[in-house]
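As the structure lists them, so they are numbered: ligands from 1, and atoms in each ligand from 1. Numbers here simply count residues along the sequence, with the first being 1.
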Amino acid sequence: SLRHFGRIAAMLGAGAAALPFYNEPALAQLSAVAGEVSPDAVRINANENPLGPCAEACAAIHAIVQKGGRYLYEETFEFQKTMADVEGLKPDYVQPFAGSSAPLHQAVLAFTSPTRPFVTASPGYEAGERAAKFIGAKVIGVPLTSSYAHDVKAMAAASPEAGLLYVCNPNNPTGTLTPREDIEWLLANKPKGSILLLDEAYIHIAGAPMCSDLVAKDKELIILRTFSKIYGMAGIRAGAALGRPDLLQRIVPYSSGAMPVTAMAAATASLKSKNVVPERRKIIGDVRGDVLAFLEKHRFKYVPSVSNKFMVDVRRPGGEIIEAMRKENVYIGRVWPAWPTYVRVSIGTQQEMEKFKTAFLKVMA
Ligand code: PLP
């Protein structure tokens, strides 16, 4: 449409030789040292899942790889249909993507503009904010509440012109939840013409209620799903946007091309697995419980996470501890400007977290 053409022309006019958009690995690279990372390094900086794809997903990848000379669109349709069944939606409410970064960026391009701000939490996941800044949309960061939830009242009041309200639940970086009733309140009270972008990248890990039923009710929200977290497929790349078909059609035209067939086959197999979600939720939850108990025992101040990462107060500029941990061969996450003395640490395997504990006590001493 003319509107889309105008938007794309405006973006190209912004001089985008290389799109300065950042997904989690790219952001993690930003906070990593230049040069090689040794193979035995502990990498707990990018909220990845060290367990990798489940056995069913690996089998599906192996089975399809020989047929990879074809586009195999039917694999994408099968994924779309399976996801729709799991989420209680009609297939045209599910738009497959290679991960959730693309629909996140594309939603920002579609719904914000120099006159329609992007409203987000602070601290929050930065990718959408960067996309908004790139197209000259104002970014309004709203501090989390004292219980580390999104302050939905303040977000709704942030700007009557808001184009997109971004809620990440549980939040990245804090790993904390926003109550379902707050999300419903925001949907009912958001500025006219705005859309709620609900990023549930980590929701399976928390085991909290999902909001797909609000999509089924045709509300003005888009939910992001990714296979990069509990399903352990960050490098395989699968995800989806869930929303009313007319809303999805606003974001789809900003990219094109077939989906990777290995990703589609693996994602479908993961969705059909009965065990992967409960098993991994328990494994991650146990390791998290252990490391938070360690912080408690040593009287570190931390944010009580229900996700695969936590934030801990290192009582000095966070970058100093990140650097000191690197020297111990332990790569932790980044710092958010709103909380300069906190660092984010992802949950790795128990063995990795033992190395984290040893190094952390040493550098904090
Ligand atoms: N949303 C959130 C909250 C994330 O933390 C990430 C990555 O870490 C993404 C989206 C994008 O991940 P992917 O493109 O791998 O789905």
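Between Y73 and Y71, the ring-plane angle classifies as parallel under the 30° and 60° cut-offs. Ring geometry for F360 versus F356: interplanar angle under 30°, hence parallel rather than tilted (30 to 60°). Aromatic ring pairs are classed by plane angle as parallel below 30°, tilted from 30° to 60° and perpendicular above 60°; the pair F227 and F79 is perpendicular.
Interface of R237 with ligand 1, defined as ligand atoms under 4.0 Å from a residue heavy atom, comprises 13 (P), 14 (O), 15 (O). Below 4.0 Å from some heavy atom of G99 lie the following atoms of ligand 1, by number and element: 16 (O). The contact set between ligand 1 and K229, taken as ligand atoms under 4.0 Å from a residue heavy atom, comprises 7 (C), 8 (O). Near S228, meaning under 4.0 Å from one of its heavy atoms, ligand 1 places the atoms 13 (P), 15 (O), 16 (O). Each of the following atoms of ligand 1 lies closer than 4.0 Å to a heavy atom of C168: 3 (C).
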* Asked: Given the rule in the salt bridge (Lys or Arg N to Asp or Glu O under 4.0 Å) test, do D290 and K357 qualify, once you have shown the distances and angles that lead to the verdict?
  -> CA-CA 11 Å; D290 177 78; K357 289 180 197 170; 2.5 Å; yes
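Residue-level proximity to ligand 1 for D199 is carried by the side chain, the only part with a heavy atom below 4.0 angstrom. Contacts of S101 with ligand 1, taken as heavy-atom pairs under 4.0 Å, involve both backbone and side chain.
Here CD1 of I251 is found 8.5 Å from OG of S255. Values are rounded to the nearest 0.5 Å.
On a distance-only criterion, Y202 and ligand 1 share at least one N/O pair closer than 3.5 Å.
Annotation for I203 and N169: closest pair CD1-O, 3.5 Å, computed over non-hydrogen atoms.
For N172, the heavy-atom gap to ligand 1 drops under 4.0 angstrom.
A cation-pi geometry, defined here as NZ or CZ lying under 6.0 Å from the six-membered ring centre and within 45° of its normal, does not hold between K133 and F118.
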